[in-house]
There are 2 protein chains.
Amino acid sequence: MVAPSLRARVRAGMIEEIKAVARRHLATDGANLSLRAVARDMGMVSSAIYRYFPSRDDLLTALILEAYGALGDAVEEADAGVDRTDLRGRWHAVCRAARAWALAHPAEYALIYGSPVPGYAAPDDTVAPASRPPVTLVGILRDGVAAGLLTPLGEDLPEPLRSDVAALGALIDVDLPPALLARGMAGWTQLFGLISFELFGRINRMLPHRDEYFDHQTGLMADLIGLPAA
Amino acid sequence: MVAPSLRARVRAGMIEEIKAVARRHLATDGANLSLRAVARDMGMVSSAIYRYFPSRDDLLTALILEAYGALGDAVEEADAGVDRTDLRGRWHAVCRAARAWALAHPAEYALIYGSPVPGYAAPDDTVAPASRPPVTLVGILRDGVAAGLLTPLGEDLPEPLRSDVAALGALIDVDLPPALLARGMAGWTQLFGLISFELFGRINRMLPHRDEYFDHQTGLMADLIGLPAA
DNA sequence: ATTCCGTCAAGAGCAGTGCTCTCGGTTTTG
DNA sequence: CAAAACCGAGAGCACTGCTCTTGACGGAAT
């Protein structure tokens, strides 16, 4: 491990500073990030930014990757903080952590889970970090079945669907009955919908006690999955 | 009813044509709609558009209202096409209609359910048409309870939440047990999440049989609500 | 120690955007 | 028929992402 040259170090610092300023602009001005504005804030000229990011989309990609990482960290940390056998507690902890992160970083959440930017195509590097929250969720089910705390119902899936869900389970390396995995994915879908509605929607402006509503809704999905109370 | 003047009629036609061209641009270029581009497509100069729409946001608002209306029509028409007592059939019909409309008009769906444009604030005119799909969904529950086909469980909601949900029910004029209404809203949230994942997400690219997956997931929510089969 | 090459910030410039204003010409209205 | 309203075109402003060129600086090899 040779020490990086001074040039490389100031360059890395520059990249970090650009990302930080861009993140700040993202929080205030939303997704239409202006390279020139970022450059102005750093006392630079717009063209200088291109020494560090070849295009605006590349800057956005860097921010997207960071956002995925931050959300994944928050979710996994919340899961790790609960007793492994408390399946329902883990479920609620993960859901609350995802919601809390989204409410704290609405612009970054919109960046990764909102409608995609038209011209922008997400590179393949994003699919792995993007799957961390759902993988954490179904991990709770996997642990529950392995520990005998969660007995999947005897239901099974009709055939075209069963293979698809089974293949998806094999992809993320969780060995669950497809029917149970499908219920877990329903919970993940519901969690995404809940957070998005709270952030983007104007529907539930009528629900002042959002924490209680959120917990109840995620609890419903825990019921659907069959998670036992602690 | 006096006949509108010729000028008023060509003006109305002009507005419609602008919206049509804008919708076409929306389908190809996404949400970043260019006034100048639609003006070019109409053989006009960009400033002429401002005779019909005071700003770009007003054009977007018009398109948003149209999209809400089209989705609401599709959903309500699908619901009306099923025997009133077939609760589960109506549920599936409404869900499928919403998904079909979204798949047929992805850009317009993104416009109304995607992440909001930063500077843009949706006017209050949008909340009524926006609530038509969820109102249709909980209308199925209302009809079911009224007809004695759907017997709500004995569950009740804890107090801060019960009042909120009850108030929401009063707002949309459906008299349902709050616990059941909450389950209906869970179904609506899930439906939105399902469609958004299919449209925006890159997660379930692994599920080739999307129709079957969609029906199964919405069926799970019908189970959660307690909708009986026909 | 000097040359040399890669890196850097800056500036000019291009094509595009939303939007405002003014200028003539047309149509409707009083 | 005249006045008022409306309409399209054009110029212009401030802004955007991005490219290209220029000149200065620094580390490294000769």
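For the numbers below, each heavy atom of this structure counts, side chains included, while hydrogens, waters and symmetry mates do not. Below, read A as the first sequence line, B as the second, and so on, with proteins coming before strands; counting in each chain starts at 1.
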Quiz item: What pair of heavy atoms forms the shortest contact from B:Ile195 to B:Ala98, and how long is it?
Solution: CD1-C, 3.8 Å
Self-check item: Minimal non-hydrogen separation, A:Pro133 against A:Val75, with atom names
Solution: CA-CG1, 4.2 Å
Exercise. Summarise protein proximity over nucleotides 15-24 of chain C in one line of letters, 5' to 3': B for base, S for sugar-phosphate only, - for none, counting protein heavy atoms closer than 4.0 Å.
Key: --BBBBBB--
Quiz prompt | Protein proximity profile, nucleotides 25-30 of chain C - base contact B, sugar-phosphate-only contact S, no contact -, cut-off 4.0 Å on heavy atoms | solution = -BBS--
How many Å lie between [atom1] on [X] and [atom2] on [N], as a whole number?
{"X": "A:Asp29", "N": "D:dG17", "atom1": "CG", "atom2": "P", "value": "11 Å"}
{"X": "B:Ile15", "N": "D:dG8", "atom1": "CD1", "atom2": "P", "value": "11 Å"}
{"X": "B:Arg9", "N": "D:dC6", "atom1": "CZ", "atom2": "C1'", "value": "17 Å"}
{"X": "A:His25", "N": "D:dC15", "atom1": "NE2", "atom2": "C1'", "value": "14 Å"}
{"X": "A:Ile49", "N": "C:dC8", "atom1": "CD1", "atom2": "P", "value": "12 Å"}

Quiz item: Which part of the nucleic acid does A:Tyr52 contact within heavy-atom distance under 4.0 Å: base, sugar-phosphate only, or nothing?
Solution: sugar-phosphate
Quiz item: How is B:Met42 classified with respect to the nucleic acid when contacts are heavy atoms under 4.0 Å: base, sugar-phosphate, or nothing?
Solution: nothing
Quiz prompt | Aromatic plane relationship, A:Phe192 with B:Phe192 - under 30° parallel, 30 to 60° tilted, over 60° perpendicular | solution = parallel
Self-check item: Lys/Arg N to Asp/Glu carboxylate O, B:Asp73 vs B:Arg132, below 4.0 Å
Solution: yes
Quiz item: Under a 4.0 Å N-O cut-off, is there an ion pair linking B:Asp164 with A:Arg210?
Solution: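 No salt bridge links B:Asp164 with A:Arg210.
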Quiz prompt | Short side-chain donor-acceptor distance under 3.5 Å, A:Asp58 and A:Ser55 | solution =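 Yes.
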Quiz item: Just by distance, with hydrogens left out, do B:Tyr109 and B:Ser196 show a side-chain donor and acceptor under 3.5 Å apart?
Solution: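 Yes.
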Quiz item: When rounded to the nearest 0.5 angstrom, what distance separates CG in A:Leu194 from CG in A:Asp215?
Solution: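 The CG atom of A:Asp215 is 10.0 Å from CG of A:Leu194, to the nearest 0.5 Å.
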